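Below is one structure, written out as structure tokens; comments come after it.
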Amino acid sequence: MAVRRLLARLELPTDTVSLARYLIGKLLVRELPEGVASGRIVETEAYVVGDAAGHAYRGMTRRNRSLFLERGRAYIYLAYGSSYMLNISSETPGIGAGVLIRALEPLEGIPIMQLNRGVERLRDLARGPGRLAQALRVDRSLDGLDLCQEGSLWLGRGDHEPGEIGQSIRIGISRDADRPLRFYLRDSPFVSGPRSFTE
DNA sequence: TCCGCGATTAACT
DNA sequence: GTTAATCGCGGAA
């Protein structure tokens, strides 16, 4: 198994779009009582400053305050009453923006993820933001966590350069819907949405 | 307080 | 391809 090395905050681009692209190919590591579950990030979306689709658009609230932290923090919320969404804060403190993690290629702890998800098929473990959170048992209790510090959830360096990165409009939003702010690993079967609109 | 609405998913036809 | 489930948030009153 590849060495898991923590990503330092200084390695993370400050700019939201740059961060969304940078995170493709990086590792997301979850430490649970029964063991480690991890995966390679294969799909992200940027929710930039001044973005009408972003949760920070109307200012800071109790729910979205983690988006305004220094880059590399977790912002987690519940969508549709049933699915948790994991985001990583971007920009500088006081600026509300972040990157949604939409899909992982499972690497370690696959049996743990299978139990958490209640499905066997590798491709269905973390393809989609809600599935990903369920596979890694991510919920609001992790909101605000520093992902640049070893702990229950953290970001790791990938062991090689990612392949070709595609770009498209974001999935499932209505406002600011035409902006090409979704990034994904072009050849990965673990990507959730369409693979058209490639750059 | 009330009410409409999702950065989704799974189970349908 | 279509649709119901589900509930916290936040804007309106």
Side-chain angles (χ1 to χ4, degrees), chain A residues 15-24 28 39 41-69 71-91 95-106 113-145 147 153 165-185 188-197:
Chain A
D15 170 73
T16 307
V17 172
S18 304
L19 180 62
R21 182 184 283 275
Y22 174 83
L23 286 173
I24 299 293
L28 186 63
I41 296 169
V42 297
E43 183 184 355
T44 63
E45 283 177 359
Y47 286 84
V48 301
V49 176
D51 185 349
H55 285 185
Y57 186 58
R58 290 176 185 80
M60 196 189 310
T61 65
R62 183 164 65 239
R63 173 215 212 184
N64 69 17
R65 64 197 156 94
S66 297
L67 282 175
F68 293 81
L69 298 173
R71 66 194 190 274
R73 300 292 202 107
Y75 164 54
I76 299 157
Y77 71 93
L78 182 64
Y80 297 99
S82 52
S83 300
Y84 287 101
M85 306 282 119
L86 170 65
N87 297 252
I88 298 177
S89 64
S90 58
E91 306 295 335
I95 304 293
V99 174
L100 172 69
I101 309 301
R102 286 195 56 91
L104 297 181
E105 173 186 347
M113 299 194 216
Q114 287 169 325
L115 275 172
N116 286 341
R117 287 272 301 123
V119 299
E120 293 280 309
R121 195 165 173 239
L122 198 61
R123 200 168 104 89
D124 290 340
L125 289 183
R127 180 169 46 91
R131 292 168 174 163
L132 174 166
Q134 188 181 39
L136 297 185
R137 214 178 299 155
V138 164
D139 61 33
R140 279 284 287 177
S141 70
L142 299 176
D143 184 64
L145 193 71
L147 304 180
L153 185 66
I165 294 175
Q167 190 171 355
S168 81
I169 58 170
R170 295 172 291 184
I171 294 175
I173 60 167
S174 49
R175 293 169 299 187
D176 266 343
D178 296 333
R179 308 175 73 172
L181 296 175
R182 168 174 173 257
F183 300 92
Y184 57 93
L185 205 50
S188 175
F190 299 96
V191 167
S192 75
R195 249 158 293 180
S196 50
F197 309 106

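Computed from a predicted structure; not experimentally measured. Throughout, protein chains are lettered first and strands after them, A, B, ... in sequence-line order, and every chain is numbered starting at 1.
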Separation of B:dC5 atom P from A:L78 atom CG, nearest Å, is 18 Å
Can any side-chain N or O of A:R127 pair as donor or acceptor with the backbone N or O of A:R123 at less than 3.5 Å?
-> yes
What is the pairing partner of B:dA10, taking Watson-Crick or G-U wobble pairs with both distances under 3.5 Å in any strand?
-> C:dT3
Using atom CG of A:D124 as one end and atom P of B:dA11 as the other, report the distance to the nearest whole Å.
-> 11 Å
Send over the distance from A:D139 CG to C:dT6 C1', rounded to a whole Å.
-> 17 Å
Output yes when at least one side-chain N/O atom of A:R182 is less than 4.0 Å from OP1 or OP2 of B:dA7, else no.
-> no
When you match A:A79 and A:N64 each to their closest nucleotide on DNA chain C, which lands nearer the 5' end?
-> A:A79
With sugar-phosphate meaning primed atoms plus P, OP1 and OP2, does A:R127 contact a base, only sugar-phosphate, or nothing at under 4.0 Å between heavy atoms?
-> nothing
Report yes if a side-chain nitrogen or oxygen of A:R58 is closer than 4.0 Å to either non-bridging phosphate oxygen (OP1 or OP2) of C:dG10; otherwise report no.
-> no
Compare the ring of A:Y77 with the six-membered ring in the base of C:dG8 and state whether they stack (centres under 5.5 Å, planes under 30°).
-> no
A:R140 CZ to C:dT6 C1': how many Å, rounded?
-> 17 Å
Between A:L86 (CG) and B:dT9 (C1'), how many Å, whole number?
-> 17 Å
Value in whole Å for how far the P atom of C:dG10 lies from CZ of A:R175 | 11 Å
Measure from the side-chain heavy atoms of A:R63 and tell me the nearest of C:dG10, B:dA10, C:dT6.
-> C:dG10
Ignoring hydrogens and geometry, is there a side-chain-to-backbone donor-acceptor pair from A:E45 to A:I171 under 3.5 Å?
-> yes
Would you sort out whether A:R170 and A:D51 count as a side-chain contact (heavy atoms from CB on, under 4.5 Å), showing the intermediate values?
-> CA-CA 12 Å; A:R170 295 172 291 184; A:D51 185 349; 2.5 Å; yes
Looking at the side chain of A:I173, which of C:dC7, C:dC9, B:dA7 is the nearest nucleotide?
-> B:dA7
With a 4.0 Å cut-off on heavy atoms, is A:R170 in touch with a base, just the backbone sugar-phosphate, or nothing at all?
-> nothing
When we call it a touch if two heavy atoms are under 4.0 Å apart, what does A:R62 touch: a base, just sugar-phosphate, or nothing?
-> nothing
Are side-chain heavy atoms of A:M85 and A:L100 found at a separation under 4.5 Å?
-> yes
C:dG10 phosphate, OP1 or OP2, under 4.0 Å from A:T61 side-chain N/O | yes
A:L100 CG - B:dG6 C1' separation (whole Å) | 13 Å
From CD1 of A:I76 across to P of C:dC7 the rounded distance in Å is 19 Å
Closest to the A:I171 side chain: B:dA7, B:dA10, B:dT8?
-> B:dT8
Is there a donor-acceptor pair under 3.5 Å between the side chain of A:Q167 and the backbone N or O of A:P180?
-> yes
